[in-house]
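Remarks on the structure that follows.
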Amino acid sequence: MSAEAHAGSHYYLPHPSHWPILGSVGLFTTAVGGALWLEDMGFGKYVLLLGLIIICVMMFGWFGTVIRESLSGTYNAQVDRSFRWGMSFFIFSEVMFFGGFFGALFFARVFVENWLAGGSNSLFTNLIIWKGYEPVWPSNGPGNLGGSFEGMTATGLAAINTLILLSSGLTVTIAHWGLKEGNRKKLCWFLLFTIILGFAFVALQGHEFLDAWYKQHLTLGTGIYGSTFFMLTGFHGLHVTIGAIMLTVILIRSLRGHFTPQHHFAFEAVSWYWHFVDVVWLGLFIFVYWL
Amino acid sequence: MLLKNPKQILCIALAVTLAALSGSALAMDLNMPVGVTPMSHDVYDLHMYAFWMCVGIGVVVFSLIIISMIWHRKAAGHKAAQFHENTLLEVIWTIIPFIILIALAIPAARVLVKMTNTSDPDLTIKIEGYQWKWQYDYLQQGFSYFSMLAADSNAARQLDSKINPFSVPHYLRDVDHPMVVPTGKKIRLLITANDVIHSWYVPDFAFKMDAIPGFVNQGWIEVDQPGTYRGGCTELCGRGHAFMPVVVVAESPADYQKWLAAMRASNGVYINPHTLQAENYGSPVAYAPPQLNFVTPSMPAAAATGAVPSTPGPGAAAAPAFTPAAAGPVTKAATAAPEKTWTMASAMARGKKVFDDNCAACHMSDGKGNAAMGVPAIAGGPLPNGPLAAHISLVLHGKGIMPAWGNALSDADLAAVITFERNSFGNHGGGLVQPADIARAKTAH
Amino acid sequence: MNTVAVVHEYHAGHPSGLWRWITTTNHKDIGTLYLCFSLLMFFVGGAFAMLIRAELWTPGMQLMDPEFFNEMTALHGLVMIFGAIMPAFVGLANWMIPMMVGAPDMALPRMNNWSFWILPFAFILLLSTLFMPGGAAGAGWTMYPPLFLQSGVAMPFQVFAIHLMGISSVMGGINIIATILNLRAPGMSLMKMPMFVWSWLITAYLLIAVMPVLAGAVTMMLMDKYFGTSFFNAAGGGDPVLYQHVFWFFGHPEVYIMILPAFGIISEIIPTFSRKPLFGYTSMVFAIASIAFLSFIVWAHHMFTVGMPLAADLFFMFTTMLIAVPTGVKVFNWVATMWRGALSFETPMLFAVAFVFLFTIGGFSGVMLALVPADWQYHQTYFVVAHFHYVLVTGSAFAIMGAVYYWLPKWTGHMYNETLAKWHFWLSVISVNVLYFPMHFLGLAGMPRRIPDYPVQFTDLNQIVSVGGFVFGASQLLFVACIILCVRGGKKAEARAWDGAHGLEWTLPSPAPYHSFAEPPAPNLIWTHPYQGS
Ligand code: HEA
Ligand code: HEA
Ligand code: CUA
Ligand SMILES: [Cu+2]
């Protein structure tokens, strides 16, 4: 009753697998290492590194198995659909993760600023504790934490990054068209463009962070503005990086001729992810940089 | 087989109910107190109204289940009907609960609106929660004092105290310095906290409000009858959460005025509201000149001072900077103290007292600390045997679980306890710390 | 709850021994792992509860430092919620959903393995904090800052443990959704799915929606403590209450995550032992969906005393009360299902009937809590503790116990020992009320929760509660005995173990074959209407 036996029949069932347990060990090691490091135990960072390496090994191994199985035609349409549901709901969970941070931003900006300044039923908050504090945005709070700083603007780098990311959404779609037409050249070239745009975005974002940190004196410690700015854009940047790495894998696989015009779920999954990252950026651009 | 017979089942159910009822009859208060404020009466009525609604619904629903459990048993030969749908029924049992809920929501909303109306008070008192005591600040009268667990309860509650709590009057419900209010006056309470979230609760007032560091919540009470009303902190605030009771003494306006006059004249000593005598010792009482003009909300834009703790850098396991209270003058408990100068003997005596009251909970009265809790020993500790400035700074600003004492103790007490720490438990840090040193350390920061 | 029979089905090329359980991709193996893990955690969390009840036996501190008591309270809540109740439901989903929808296994079997095998590691992280300098974090299962920020080494470990649990739950939820949406046998339309499957479809959606939000909340806390951000610090323009909003945006749906699958289970058991189709299938589905929807807009009813503006208080009060309507629909439909059936009271049915009674009582106190002015009295007192143990213990846990008895014959191929099981039930149901009912009185009399020591006037009631707690705890040993005995042997179970049972799982032999439906079941096995006899 092995995988192959079932592949022929109606359902596909995979073999037992040792990748998940390796993944758990990796996550555990990473967590322990991270926690030790945070608690000022220096060796924690090596434990953390070890954990990350284990996770990478697991990813290579696990995805490698899946790719091999996929290439050998083991997967039927039903498996493909399961993957699609899985990916969609994974992205949904990511949306909710960002939703939490966006929620924090709105709450702080719309309500907390107002309350600290004595709004709503918080008059005495302002009279007794934060005397005379006026709501402003960007704000590092009535304690002026982190000292004076310069906020971000929607013009300049952010606008360029928006253009970059939007056009990368376009190029990945064109690549998809190429794939569906069976035009490998188009597929690979446009994938490459997408990846370049993605990494360009990350590089510019990094540049922007450095500028903010050292020139604008905007750090994680710069009150709620610094907190929300770096957490939102930071997590987003992380996602772009992961997305770009995944696109690179897809490009390599495309070069090796892995996908057919009919069967290319992996490509689609990554492009969904890419579009999701894109949409999150739009939200960031509007609510973090612009308004 | 066991208990196949529903009669048996019912008998047991009955027995259980009776047992539960008689069991609970042992205790006194089985229901919410009716209380002594207009709001507590309203809340009690609302509670009973909701309760009887639920009982009503419960009787209907549970009777139906019990009836079908008796009549429609297979063992009694009942054959199953096969119906499985009825839209009309579904609509009915959607609408009826909805109507019941509206009947509940209307009075609830009405009471709520009253409860949140804090306008036009006769008196305003600010309440600030600390780990683990309360500070009552009579804003318009210009004095404030701390209120913490009474010494007899505190002794009895220790892990190996061998004191029977039943022998302690008002065990865990008594404080050294109760809050005092006049009856028949609308009193606005402003509630905030210094370190973590606390919650100020007196059941008889039906009043519970969270004390949130950095924010000031408001509510109001109006006490009908003179008396002593007891409650406590109801938001988990760490190790001493169970040990920060609230005691409010309500007095007739005339008696209240007497207490007020005595307090004003006492120059920083707490006046017992019953005897009008000064209390010998206790947590500090300090003056703060009236600061607030309640009529004009807009204040000069005196931006928050540097007293706000700075943020720790990445990776630093430093104390979270949530102690904004230093920015408010009313919480400065130090105004009266700096003139004082300690002699070595008086500082050591006072310091021991302060240590036992405030520090021994964690550092233990023998100064050995509590390794299980991660509390280091004072005996032989690097700071009490090291440079004075670092020692003072740590006690003022705290670190992790170690509370920041800068606002919680008077400068005199801080000086005393630090002197005590440096010169006892075999420590050789030495030196006599004066209140003025503390005041300087605070401003130098 | 694994059986010899299952092992027999093993074919060459598969690992055996411990490695088999570690690498398995089989939904039954993984279901078994989940269920055993949750039973273990129930005992761990229960042991913490016993310590709590022992310390609360009489006023004064007898056994432990107050800080340790706080750690017990926090870990009891966390272990019971994330370790006992949730994994038990996921285990039941793993075992039953493929069988109920006519599939061979879950949709993503390898990921299924991973979802489970993250959990033991997460709980090692969480429970190891007990042994760290400074002990575990004693800030309640809700972990409110700034208090939680004061905990030492334990804090990052606990935060990362929560992250791992989140990853596990999200993957579990994804898998369940994919299975339900994609692996149903031909002919099983959505509105022909068994209620248990429906309840899990919606629960999985809730899981995926809110677990990431919890992860975000604890991440912000980590940043506040170690990287100087100010999410929860007023001086920097943040607010400690912001954490509470984010937490309860997760936390309230979370409590429905713990009750909706229970609703599904009860909707399976009651029709079976009433020998009558479930009443109002369609409205039951819509009721679950409405509860799930409403659960997203009621969160601040846990925060009525934080000083929200009046409008917010009113909004959250009204939406919270509204949940009583769809929940009432469910209760009424169960009553109507029993009405004029042919009832018999085997143990699963006893648990189901007790569920309907006692969950409803818990729901009533919930509605009382929703009334803001009254909540000012109830909040953070034992009245709340009574409320949530009625819905969680006599709700969720009773449903799980009922489900275990209901499906044990299918899992093991043996009938459990009915006499022993009845003893378990009766002891539990009596002691559980002795345990939790007086908590209402304690709360009304003003006893705060999360206190290790209390004023003397609460002594009598606390002793009744503690006695109930010890008896209830000891009774659970019977539960374990029943399970072990049933796995080891017993009367042979038929394919349709209960004469009133309908549904695809009962068309498979008992014990169920290793791969449930290697081929899709014939469409005529799927009822034209759920629960209606063929
Ligand atoms: C399984 C878990 C579960 C479930 C199902 C519920 C269900 C409900 N809960 Fe509960 N709740 C918790 C778990 C749960 N709760 C937990 C764990 C906490 C504490 C968390 C903490 O602080 O640690 C809590 C706390 C809590 C609070 C905060 C209390 C406080 O801290 O001050 C409130 C307030 O509104 C509340 C309300 C409700 C309501 C209205 C329901 C409703 O869903 C109930 C609906 C059901 C019925 C009403 C019964 C059946 C209906 C009928 C028979 C119809 C007719 C009825 C009427 C018209 C009234 N709950
Ligand atoms: C999710 C489910 C769940 C379950 C099943 C339980 C089960 C129990 N709970 Fe739990 N409880 C919570 C969820 C749950 N609880 C939550 C969320 C909180 C809030 C935490 C917070 O404030 O942050 C809480 C808080 C809480 C408190 C309040 C603590 C406080 O405020 O300080 C108390 C006090 O009595 C309590 C008691 C019990 C008891 C006696 C049981 C019993 O039902 C347990 C029975 C089980 C066993 C005992 C284990 C089995 C048996 C053995 C180990 C054998 C040995 C035993 C004997 C021989 C006696 N619980
Ligand atoms: Cu202060 Cu609890
Ligand atoms: Cu809730």
Side-chain angles (χ1 to χ4, degrees), chain B residues 2 16 20 23-24 26-27 29-32 43 46-47 50 54 64-65 68 72-74 78-81 84 90 93 97-98 101 108 111-112 115-116 157 159 165-166 171-173 196 203 206 208-210 212 214 217 234 236 238-239 242 308 311-312 314 320-322 324 373-374 400-401, chain C residues 59-61 66-67 133-134 140 146-147 149-150 152 227-228 233-235 240 275-277 279-280 283 305-307 310 321 324-325 328 332 335 338-344 364 368 371-374 376-377 380 419 422 430 437-438 441 444-446 448 450-453 455-456 460-461 464:
Chain B
L2 179 83
V16 174
S24 32
L26 295 173
D29 298 319
L30 294 186
N31 202 354
M32 184 187 280
V43 169
L46 180 69
H47 158 72
C54 291
L64 288 173
I65 304 180
S68 80
H72 306 144
R73 269 177 309 128
K74 187 175 166 229
H78 195 267
K79 291 268 168 310
H84 57 78
E90 302 281 356
W93 64 45
F98 191 74
L101 290 172
V111 178
L112 178 62
M115 281 176 111
T116 47
R157 65 120 174 153
L159 188 51
F166 289 88
Y171 178 61
L172 297 189
R173 311 228 309 158
V196 301
K208 178 184 287 139
M209 182 63 81
D210 290 0
I212 295 166
N217 278 329
T234 49
L236 180 59
R239 190 165 179 274
V308 176
T311 34
F322 49 72
M373 262 181 72
I401 305 175
Chain C
M61 299 303 305
E67 181 61 28
L147 181 63
L149 296 171
Q150 290 186 348
F227 298 97
N233 174 6
R275 296 168 180 76
K276 192 161 156 281
F279 191 87
S283 63
T305 60
V306 300
L310 175 64
M321 295 174 75
V325 174
F332 299 134
V335 177
M338 290 171 68
W339 192 254
R340 295 188 49 214
L343 278 61
S344 62
F364 287 155
M368 294 171 76
L371 306 172
V372 186
W376 278 29
Q377 285 278 24
Q380 292 290 349
T419 314
K422 284 225 162 87
I430 294 171
F437 207 76
F441 303 135
L444 292 174
R450 296 165 166 176
I451 54 171
D453 192 5
V456 295
D460 294 337
L461 284 174
I464 297 174

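Being a predicted model, the structure only gives us computed values, none of them experimental. In what follows, chains are A, B, ... by sequence order, proteins preceding strands, each numbered from 1.
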For C:Pro448, check side chain to side chain contact (heavy atoms under 4.5 Å, CB included) against everything at least two apart and list the hits. B:Thr234, C:Ile451
Give me the one residue out of B:Val43, B:Leu46, B:Leu112 that meets side-chain contact (heavy atoms from CB on, under 4.5 Å) with C:Leu371. B:Leu46
Using atom types as modelled and distance alone, determine if a side-chain donor or acceptor of C:Glu67 lies under 3.5 Å from a backbone N or O of B:Gly238. no
Once you round to the nearest 0.5 Å, how far does CG of C:Asp453 lie from CG of B:Leu159? 10.5 Å
Evaluate the criterion side chain to side chain contact (heavy atoms under 4.5 Å, CB included) for residue pair C:Val335 and B:Ser68; output intermediate values, then yes/no. CA-CA 8 Å; C:Val335 177; B:Ser68 80; 5.8 Å; no
B:Ile212 and C:Val306: which non-hydrogen atoms are nearest, and at how many Å? CD1-O, 3.6 Å
How far does OG1 of C:Thr305 sit from CE of B:Met209, to the nearest 0.5 angstrom? 7.5 Å
For B:Arg173, which atoms come within 4.5 Å of any heavy atom of chain C: side chain, backbone, both, or neither? side chain
What residues form a ring-ring contact (aromatic ring centres under 6.0 Å, His included) with C:Trp339, not counting sequence neighbours? B:His72
Looking at B:Cys54 and C:Phe364, what are the two nearest heavy atoms and their distance? O-CE1, 3.5 Å
Over all atoms of both residues, closest heavy-atom pair of B:Glu90 and C:Gly280: OE2-CA, 3.3 Å
Non-hydrogen atoms of chain C under 4.5 Å away: do they reach the side chain of B:Asn217, the backbone, both or neither? side chain
Within the 4.5 Å heavy-atom criterion, are B:Lys74 and C:Arg275 side-chain neighbours or not? yes
With a 4.5 Å cut-off on heavy-atom pairs, point out which of C:Ser344, C:Gly341, C:Ala374, C:Gly60 contacts chain B the most. C:Gly341
CZ-CG distance between C:Arg450 and B:Leu236, expressed to the nearest 0.5 angstrom: 5.5 Å
Trace of the side chain to side chain contact (heavy atoms under 4.5 Å, CB included) decision for C:Val372 with B:Met115: CA-CA 10 Å; C:Val372 186; B:Met115 281 176 111; over 6 Å; no
If you count heavy-atom pairs under 4.5 Å with chain B, which of C:Met61, C:Arg340, C:Gln380, C:Met338 comes out on top? C:Arg340
Hey, which of C:Pro373, C:Gly307, C:Pro59 has the most heavy atom pairs under 4.5 Å with chain B? C:Pro373
Specify the closest pair of heavy atoms between B:Lys79 and C:Ala342, including all atoms of both residues, with the distance to one decimal. C-CB, 4.3 Å
